[in-house]
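Report on the following structure.
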Amino acid sequence: MRDICFFPVCVGGFGGKVGMATLRRNREDRLGVDNILPVAVDTNRGDIDVVRREMPAVHLSPKGLNAEYGDNELDTIQKFPLNFDRQRDQYLHRFLERHAGILTTLAVDAGAGTRPLFGELIFRVQRGVLIRFLSTHLSKALATASKVQPIVIGSGGGGTSKPGILEVCKLLGSMEGLSQTCSQGATRILK
């Protein structure tokens, strides 16, 4: 077992591009890092389809498969926001009151469109999907090394990366978040 596995989480379109560029470099260009498990998270299906060829990736969309009262989660949330809000501090109910007229933009799976407000909605709606994705790949990383060093990559300015980076940091940078994403060896995850 190696000492450290680097775990880059590439968030948003820019993060995915940086992650792919890193993987394409020769091993010598990576400063001797040979135990690396990059993953990508984005809200744009087109970007995820490209990135998925290079690394594990998850597409987060409010049109997700996990609908409680129908096939389209975005439609379900619009019809039953208070049902979802039981675990989300009334966020979705307030969001829909203020921005219901512009939610059809999200139905095309083209990402958050440089609007952090949309990105935050997507990350809140699909938090369970993100947790399962990170948990699966953290377990793989822990199987190859005694410690795992997460590295969050993204522009920090886009509609996906701004809220996405914050959400990933909450999940991987605190014991509370790690209790949800890491079923074994949370103390082996470096901050």
Side-chain donor-acceptor pair present, Thr160, Thr43, cut-off under 3.5 Å: yes
Is the shortest heavy-atom distance from the side chain of Asn35 to the side chain of Thr144 under 4.5 Å? yes
Whether the Arg132 and Gln180 side chains hold a donor-acceptor pair (N or O, under 3.5 Å, no angle test) is what I'd like checked. no
So do Ile189 and Pro150 actually touch side chain to side chain, heavy atoms under 4.5 Å? yes
Compare all side-chain heavy atoms of Cys182 with those of Arg188 and state whether any distance is below 4.5 angstrom. no
Not counting sequence neighbours, which residues clear ring pair (Phe, Tyr, Trp, His ring centres under 6.0 Å) with Phe14? List them please. none
Enter the distance from Leu178:CG to Leu171:CG here, rounded to the nearest 0.5 Å. 8.5 Å
Just by distance, do the side chain of Ser161 and the backbone of Gly154 share a donor-acceptor pair under 3.5 Å? no
Test side chain to side chain contact (heavy atoms under 4.5 Å, CB included), reference Phe123, set Leu166, Val41, Ile165, output is Val41
Any donor-acceptor N/O pair, Gln126 side chain to Ser61 backbone, under 3.5 Å: yes
To the nearest 0.5 Å, tell me how far Asn44 CG sits from Leu60 CG. 12.0 Å
Rounding to 0.5 Å, atoms CE (Met20) and CE (Met55) come to a distance of 6.5 Å
Less than 4.5 Å apart, side chain to side chain, heavy atoms only: is that true for Thr181 and Leu138? yes
Do the side chains of Ile48 and Val125 join up, straight or via other hydrophobic residues, at under 4.5 Å, putting them in one cluster? no
Arg52 vs His59, side chain to side chain contact (heavy atoms under 4.5 Å, CB included): CA-CA, chis, key distance, verdict: CA-CA 10 Å; Arg52 203 174 260 146; His59 172 240; 4.3 Å; yes
Only one of Val39, Leu37, Val148 passes side chain to side chain contact (heavy atoms under 4.5 Å, CB included) with Lys140, and that residue is Leu37
Could you check Val9 against His137 for side chain to side chain contact (heavy atoms under 4.5 Å, CB included), going step by step and ending with a plain yes or no? CA-CA 10 Å; Val9 181; His137 295 289; over 6 Å; no
Using side-chain heavy atoms (C-beta onward) and a distance below 4.5 Å, is Leu172 in contact with Phe7? yes
Start with the C-alpha gap between Phe6 and Ile151, add the side-chain angles, then the distance that decides, and say whether side chain to side chain contact (heavy atoms under 4.5 Å, CB included) holds. CA-CA 7 Å; Phe6 292 92; Ile151 303 166; 3.7 Å; yes
